[in-house]
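Sequence lines set the chain letters: A, B, ... in the order given, protein chains first and strands last, and positions in each chain run from 1.
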Protein chains: 2
Amino acid sequence: MSKGLPKREDDYSQWYNELVKRADLAENSGVRGCMVIKPYGYSIWEKMQGQLDQMFKDTGHSNAYFPLFIPKSFLSKEASHVEGFAKECAVVTHYRLKNSEDNKGVIVDPEAKLEEELIVRPTSEAVIWSTYRNWIQSYRDLPLKVNQWANVVRWEMRTRLFLRTAEFLWQEGHTAHATREEAEEETVQMMNIYAQFAEDYMAMPVVKGLKTETERFAGALETYCIEALMQDGKALQAGTSHFLGQNFAKAFDVKFASKDGGLDYVWGTSWGVSTRLMGALVMAHSDNNGLVLPPKLAPIQVVIVPIFRSEEELQAIEEKAHEIMDQLNPLGISVKFDHRDTHKPGWKFAEYELKGVPVRIALGPRDLANNTIEVARRDTLTKEMMKLDEVDVSKAIPALLDEIQANIYKKAKDYRADNTRKVNDWDEFKKVLEEKGGFISAHWDGTAETEEKIKDLTKATIRCIPLDQVKEEGACVLTGKPSKGRVLFAKAY
Amino acid sequence: MSKGLPKREDDYSQWYNELVKRADLAENSGVRGCMVIKPYGYSIWEKMQGQLDQMFKDTGHSNAYFPLFIPKSFLSKEASHVEGFAKECAVVTHYRLKNSEDNKGVIVDPEAKLEEELIVRPTSEAVIWSTYRNWIQSYRDLPLKVNQWANVVRWEMRTRLFLRTAEFLWQEGHTAHATREEAEEETVQMMNIYAQFAEDYMAMPVVKGLKTETERFAGALETYCIEALMQDGKALQAGTSHFLGQNFAKAFDVKFASKDGGLDYVWGTSWGVSTRLMGALVMAHSDNNGLVLPPKLAPIQVVIVPIFRSEEELQAIEEKAHEIMDQLNPLGISVKFDHRDTHKPGWKFAEYELKGVPVRIALGPRDLANNTIEVARRDTLTKEMMKLDEVDVSKAIPALLDEIQANIYKKAKDYRADNTRKVNDWDEFKKVLEEKGGFISAHWDGTAETEEKIKDLTKATIRCIPLDQVKEEGACVLTGKPSKGRVLFAKAY
């Protein structure tokens, strides 16, 4: 167990906060609610970005960049949109500071007041749709499939590293289409891409579903989402994809000349994932020794730690280490050889466990003599001796990384299976939620009132109406009114 | 000449503005002074980012992310720094909107006033050095070499796409070192990396030099820069690297325990390039037909345009086109096959010239019969017939791209050589500046007063004291006072 890291089972929340800081992922800044993403944390985010960006490009999207600021009047054009974001936004009102009269500091210059206030974007629909108005005239300009990597600001009062911060990094896709069907297909496609990324790269199983009307994005007709289960039994919304209908096209007057000579509003989608995924990654897999990173997103996949007492021993080990690196690097495996003499091997072992490096190779003089390496797995915390006379490192290590990736995924999936419960009775609902947490699959009468009441009584929300929902006659777990299928409840981040 | 594009020689400024818009690089947004970077423009920026990021990582830098907002008090800690940026900054004063009393719109909620105003970062020294204070305790924590890709805001009153915008994208490196020498080396190294990038990738020759005290970064002891010459004879500062001394360490109290047991302030650097480079790229090479992109930064390096009258002809051409693509794609060359039937070949030719695609291949039925391709170069606007029986496409096209890259660079370098003039006389100085522009290499007495006077009289500024300055006794071109070497004057963007 890593020195000083709180135990996960004692205080999950404290364990998470400390782990994020100690593993050098992120820390709170001196600016209220804003975090600093540290180099190690950022290198994981870069791996996420790289993979997602490739998936977006492979499906025909291009990146672009739109302004950070949104004039107040733009935001107000779509009624439910402004309603959703006005209550927590950063407002720029002035454009200059000046020296104070006593010359002891700087103050806001009252003469430099903006005619119209600017909102720091909480999301970019407003500024993007006001731009699309000029980009789209005819069906030939469609579909328009644009993505943006950017920072956004939502003035959250209670913040938490990665999970809920005033400023966060994300990508937001914004597409425009000639038909409703095409826009709906795009919405579903992007949810599927998010699910594929979560499962194949983050090794995190997700439930694909639809949000209820209450939980929908402000301005959308439908919100698709992926929901994951964390190790404390709470759910986390990991990505959303919105079918906007013609709402923003109407609000910003974006029409196109159709093939048959008509003039119609375009159909829109928007979809996003954020640095929140970093929090999900930590909470889905890590343990009391620190991070457990899936090999596909680990900035360092293999670390080689030399065990040496003299410079001479180190040199011999270094030669062997480079042999191994020369076999692995060409395969695209990132290997770090930590030859620092300022830290002992035991310290390094703990450090790379804390940082979640999937595979650790220890190399000492005895290994050189026997032509062996000691290979330790981060996910299982087990070690094995590999005989290099018998095993081809360039095959064994990639296979081991694949096995670790699969094992982490399986473990998370088993956990989810063990913690997803069908519940048919209100008392049981409350009991399961209180004693065990996890996903509760239960009937709901379909009304916002019942949804709200359940939330008030238990803090559980409907995470989603799963896409694979089975049609099944039932009675609402709270009201007993008729229901046609189960939805997924949980307490959530 | 591209339809409707103003001629470069008639109105350079208008030519630039129109070209940036028509080539789909960027456009003005509905938000004062902020631009939208369009997908094609952004894809060039992504190529720039990718290359620079690799160069930073190869020299041991890691990426991280720091808050968008800087509390007013942080900014004020370094006196000359706040002085330099306070006059043009976006100030966040509130964190909520609310419905107006008449319910007809939203207004800033006066009850949601921040206790301390937040400045949208114009640069991040203040927030980064306040963080470094916690990251640096001992010499073991040094050097700390961090870079950030981010947006920044400077409230410029007169803006121009890419060259001067209220919001722009950039990277900012911030390093901390144990010794003055090491920090100075880092500063010079980063200037050299910028110069290498400008010359090898942007095909844009630059002069490396030091800024005068007047032109230095607010808070730096020395500012190194690279200066390029645009086709209208005006200079453009393309990148800067600052030696901060211990200024920010002192302002933010960043001390480290040295090897010998002492306690000392760390030495700092910062360095940055921005989307301004996009403007430089356009202005350095483009012509009346549109953009001229150096192959190394062109998102599309080769475009294949089919000449066909029937679906049958197109099919035969498509087969040949894919043969060519299969030879070029594995070499990392990006080839686009534009088989759209909505546009004629002539329209496509003009479009790809406007977009600056380095090589265009035309393929028609006669080419298929003769096993030839028509290859057109964007830089020289010349065409040649390539006989595929005699020429290996997988060698000829890469060689041609290299030749184009070299030719664009040479052309820019020749232009600069023709437009750099040694001037020893004040009347000649004014005459050259007015009639010819370009760089003027002249003696200067070393005082800020003379520098200022020359600027007032002619609008020319000292671009830099070149690093390769020759020691030479001379008389200041304005005052006649003694000087020990020439500096570089120009009107500048």
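Top candidate by heavy-atom pairs under 4.5 Å with chain A, chosen from L118(B), N99(B), L75(B), V106(B), is V106(B). Most heavy-atom pairs under 4.5 Å with chain A, from the set W45(B), Y42(B), Y40(B): that is Y42(B). Here A90(A) is the residue among G41(A), P71(A), A90(A) with the most heavy-atom pairs under 4.5 Å with chain B. Taking chain B as the reference chain and counting heavy-atom pairs below 4.5 Å, the highest number among T275(A), L97(A), T342(A) is found for L97(A).
Looking only at side-chain heavy atoms (C-beta outward), V31(B) and V127(A) come within less than 4.5 Å of each other. The shortest distance between side-chain heavy atoms of T123(A) and R154(A) falls below 4.5 Å. L169(A) is listed as a side-chain neighbour of Y65(B), based on a closest heavy-atom distance under 4.5 Å. Two residues are said to be in side-chain contact when any heavy atoms from C-beta on lie closer than 4.5 Å; F248(A) and V254(A) fail this criterion.
Heavy-atom distances place no part of K77(B) under 4.5 Å from chain A, backbone and side chain included. Contact of D53(A) with chain B is made through the side chain alone, with heavy-atom distances under 4.5 Å. Heavy atoms closer than 4.5 Å to chain B are found in the backbone of E88(A), but not in its side chain. In this structure, no portion of E116(A) lies under 4.5 Å from any heavy atom of chain B. Interface residue F74(B): only side-chain heavy atoms are found under 4.5 Å from chain A.
E115(B) has no carboxylate O lying under 4.0 Å from a charged side-chain N of R32(A), or vice versa, which leaves the two without a salt bridge. Salt bridge status for E117(A) with K72(A): present, with a side-chain N to carboxylate O gap under 4.0 Å. Comment: K87(B) engages E83(B) in a salt bridge, judged by a side-chain N to carboxylate O separation of less than 4.0 angstrom.
Interatomic distance, OG of S124(B) versus CD1 of I70(B), reported as 5.5 Å (0.5 Å rounding).
Shown here is K57(A), whose NZ atom has more than 12 heavy atoms of other residues, nucleotides or ligands within 6.0 Å.
Contacts with chain B (heavy atom to heavy atom, under 4.5 Å) involve these residues of residues 128-149 of chain A, listed by number: T131(A), W135(A), V146(A).
With sequence neighbours excluded, the residues that form a side chain to side chain donor-acceptor pair (under 3.5 Å) with K38(A) are D24(A).
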